[in-house]
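Quantities reported herein were computed from a predicted structural model and do not represent experimental measurements. Residue numbers start at 1 and run along the sequence shown.
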Amino acid sequence: MASLNVGNLGEYLREQRRAAQLSLRQLADATGVSNPYLSQIERGLRKPSADVLQQVAKALRISAETLYVRAGILDEREREELETRAVILADPSINERQKSVLLQIYDSFRRENGYAPAPDTEADAEVGSDTKAGADAEAGSGAEAEPGTHAGPHVQAGPDADAGKDHDPHS
């Protein structure tokens, strides 16, 4: 994690506030953070929490992750990963299952290139076999797999999925 650089953060916040044509008082009203406290942040005298930065980012309609990087709370690479994930999750043209599949593929490429996935992506990896089937089916053709069908070389679904395995049914 980078060191806290509140001077740079304060200057940046002042620029963003002015670009949004907001007074300090208007920003305070929009964020629920006191006017004097915001002034101290802008002047580099206070170290805001991640929650305060998130409120400010929302009011200024800028990325909270960008403020976290400026404040030294978040590394630039982590910000880029979080923003990529946010764009995928916000895309209205794909459904939730497709978003999950896309995030799993993104994580696999990141692992392949030596980057660890974000901590909250472990839940995405456990979505289920239908997501894996969808990933295999959609990776090349864009077709969706029907439940209970063989969707790719690694997936077998349905009650006979174990039929090809060599095991004793009485064990």
Open item on the list: Ignoring hydrogens, what is the shortest heavy-atom contact between I105 and S108? Give both atom names and the distance.
Closed with: O-OG, 2.7 Å
Open item on the list: Are L67 and L13 packed together at the side-chain level, in the sense that at least one heavy-atom pair is separated by less than 4.5 angstrom?
Closed with: yes
Open item on the list: With no hydrogens and no angle check, just 3.5 Å: does a side-chain donor-acceptor pair link S49 and D51?
Closed with: no
Task: Atom pair CG (L102) and CZ (R97), whose distance is rounded to the nearest 0.5 Å - done: 11.5 Å
Task: salt bridge (charged side-chain N to carboxylate O under 4.0 Å, His left out) partners of E15, counting only residues at least two apart - done: none
- [ ] Hey, could you give me the CD1/CZ distance between I62 and R17, rounded to the nearest 0.5 Å?
- [x] 12.0 Å
Open item on the list: So does E80 get a backbone contact from the side chain of T84, meaning a donor-acceptor N/O pair under 3.5 Å?
Closed with: yes
Open item on the list: Taking side chain to side chain donor-acceptor pair (under 3.5 Å) as the cut-off, I'd like each qualifying pair that reaches into residues 52-61, sequence neighbours left out, listed once.
Closed with: none
Open item on the list: With a 4.5 Å cut-off on side-chain heavy atoms, are D107 and Q104 touching?
Closed with: no
Open item on the list: Is a donor from one side chain sitting under 3.5 angstrom from an acceptor on the other, for T66 and R70?
Closed with: no
- [ ] Would you please test L60 and T31 for side chain to side chain contact (heavy atoms under 4.5 Å, CB included) and show each step?
- [x] CA-CA 9 Å; L60 293 174; T31 61; over 6 Å; no
Open item on the list: Q26: which residues meet the side chain to side chain contact (heavy atoms under 4.5 Å, CB included) condition with it, sequence neighbours left out?
Closed with: L22, S23
TODO: Enter the distance from N35:CG to L24:CG here, rounded to the nearest 0.5 Å.
DONE: 4.5 Å
- [ ] Look up atom CZ in R85 and atom CG in L82, then write down how far apart they are to the nearest 0.5 Å.
- [x] 7.5 Å
Task: Note: R14-E11 ion pair, threshold 4.0 Å (strictly below) - done: no
TODO: Evaluate the side chain to side chain contact (heavy atoms under 4.5 Å, CB included) criterion for residues L89 and L103: first the C-alpha distance (whole Å), next the side-chain angles of each, then the deciding distance (0.1 Å), finally the verdict.
DONE: CA-CA 9 Å; L89 292 171; L103 288 171; 3.6 Å; yes
Open item on the list: So, taking the atom named OH in Y115 and the one named CD in E81, what distance separates them when rounded to the nearest 0.5 Å?
Closed with: 10.5 Å
Open item on the list: Between V87 and D91, is there a side-chain heavy-atom distance shorter than 4.5 Å?
Closed with: no
TODO: For residues P48 and Y37, determine if any side-chain heavy atom of one lies less than 4.5 Å from a side-chain heavy atom of the other.
DONE: yes
Open item on the list: Working to the nearest 0.5 angstrom, can you tell me the gap between L9 CG and L53 CG?
Closed with: 5.5 Å
Task: Note, V52 side chain near I41 side chain (heavy atom, < 4.5 Å) - done: yes
Open item on the list: Testing the basics here: between L38 and V56, what is the closest heavy-atom pair and its distance to 0.1 Å?
Closed with: CD2-CG2, 3.9 Å
